[in-house]
Trainee: 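The structure is given below, and queries will be raised subsequently.
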Protein chains: 2
Amino acid sequence: MAGEKAHHERCEGHGHAHSPHSDVAAMIECARAFAAARKLPFTEMRARVLTVLAREEKPLTAYEITDRLSVSKKVQAVQVYRALDFLQEAGCVHRLASKASYFACDHEHHPGEAVVFMVCSQCGTVQEAPSDLVAQGLQGAAEHAGFKPAYPIVELEGECARCSETKAA
Amino acid sequence: MAGEKAHHERCEGHGHAHSPHSDVAAMIECARAFAAARKLPFTEMRARVLTVLAREEKPLTAYEITDRLSVSKKVQAVQVYRALDFLQEAGCVHRLASKASYFACDHEHHPGEAVVFMVCSQCGTVQEAPSDLVAQGLQGAAEHAGFKPAYPIVELEGECARCSETKAA
DNA sequence: AGGGAAGTGTAATAGTATTACACCCTTGCG
DNA sequence: CGCAAGGGTGTAATACTATTACACTTCCCT
């Protein structure tokens, strides 16, 4: 457990999607701290990938990231994947398994906690919410099966508040 | 390359392991019933794909299934994907998002229930267990966010009981 | 018989991820 | 200083996962 920077989140509230994070800087800082703790360099490429994700409202695929970065200077997917690996280790980017895409997050994720990713099937946005109940449920299931849990993937497909309203209107 | 081992014991535990289902027949029956209910044919291809999965201890990718079926008669991946779509609708096959692979299951899944897939990172086997707590947790998170949940994906990466023991020995 | 929904077989392609390798650049240390 | 080692970069190639398109069949249905 390297010293994690305790930056607390603000993305709270109903229907508030994982919006274009205004505090890209804070996320960069988080990644930088992680790098420092491991004595690894926080390189240009890593910063660029994180910045693209942090500015985006919804998950992007590795190739979408590649395309955006390539506008300024030609980049290859493998470079993006490398940066994504790092950023995921740092905990500031998650992979959405159901969509094979990636998004930045500025929450602290504590070990033993379970975070639910709510993915809107209309607009594609992702909201995250920690859930103790889910954590307990996972823990219980694992215990009962003699299973040693490492990390959970909890994704909930559905329709976000905003899209529901829009349709109602 | 993936030279294969002979690692065929039952992954037993407290909790059901997704073991080599002896009752392939029961699963076929389940799929057949679904087909009948929808007045759709339960075809040869569908039966073959389900049989391959049902005999297997762990999830297979669509291309692995394709290869196995191709031993007897050349088959193309797209045909397998079509069968998988059907079998997933029928509820007797699930897709493991984190591994992009598929496995047969012989549990009933009731709507509103949440099922946890516990995936062993050592041996690759999957155990499923329903969890009310997880279901409630998801429901709660969704409600709080004004999110209308459709279906959940809950995968728990870790180490199964058998692999833990093996390592201890 | 004719029409239509559903499946099949085949080919081609799109989309996601990894491996391999040559090179660079910093750090540590003799 | 020299230089080796670990990590990152850039480039090319390839592997793996999934879908689209289309021509053809089959079964059902009045």
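Chain identifiers are assigned alphabetically (A, B, ...) following the order of the sequence lines, protein sequences preceding nucleic acid strands; residue numbering begins at 1 within each chain. If you're wondering where the values come from, they're calculated on a predicted model, not measured in any experiment.
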Trainee: Taking protein heavy atoms under 4.0 Å as touching, what does nucleotides 6-16 of chain C look like 5' to 3' if B marks base contact, S marks sugar-phosphate-only contact and - marks none?
Mentor: SSBBBB----B
Trainee: Measure the distance from CZ on B:Phe42 to P on D:dC27 and round it to the nearest whole Å.
Mentor: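 Value for this atom pair: 17 Å.
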Trainee: For A:Asp85 and D:dT9, give me the distance from atom CG to atom P, rounded to whole Å.
Mentor: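 In whole Å, D:dT9 P and A:Asp85 CG are 12 Å from each other.
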Trainee: Please give the remaining members of the hydrophobic cluster of B:Phe147, linking ILVMFWY side chains under 4.5 Å, ordered by chain and number.
Mentor: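 Answer for B:Phe147: A:Val116, A:Met118, A:Val134, A:Leu138, A:Phe147, A:Val154, A:Leu156, B:Val116, B:Met118, B:Val134, B:Leu138, B:Val154, B:Leu156.
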Trainee: Through direct or indirect side-chain contacts below 4.5 angstrom among Ile, Leu, Val, Met, Phe, Trp and Tyr, which residues connect to B:Ile153?
Mentor: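 Its cluster partners, ordered by chain and number, are B:Tyr151.
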Trainee: Distance-only check: which donor-acceptor pairs under 3.5 Å involve side-chain atoms of residues 84-94 of chain B, not counting sequence neighbours?
Mentor:
residue, atom, partner, partner atom, Å
B:Gln88, NE2, B:Leu84, O, 3.2
B:His94, NE2, B:His109, ND1, 3.2

Trainee: Tell me, which pairs form a salt bridge (charged side-chain N to carboxylate O under 4.0 Å, His left out) where one or both residues lie in residues 91-105 of chain A, sequence neighbours left out?
Mentor: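 Counting only pairs at least two positions apart or across chains, the salt bridge (charged side-chain N to carboxylate O under 4.0 Å, His left out) contacts touching residues 91-105 of chain A are A:Lys99-A:Glu157.
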Trainee: Would you tabulate the side-chain donor-acceptor contacts of residues 68-75 of chain B under 3.5 Å, counting partners in other chains and residues two or more places apart, or write 'none'?
Mentor:
residue, atom, partner, partner atom, Å
B:Arg68, NH1, B:Glu56, OE1, 2.7
B:Ser70, OG, B:Thr66, O, 2.8
B:Ser70, OG, B:Val75, N, 3.2
B:Ser70, OG, B:Val75, O, 3.3
B:Ser72, OG, B:Arg48, NH2, 3.2
B:Ser72, OG, B:Leu69, O, 3.1

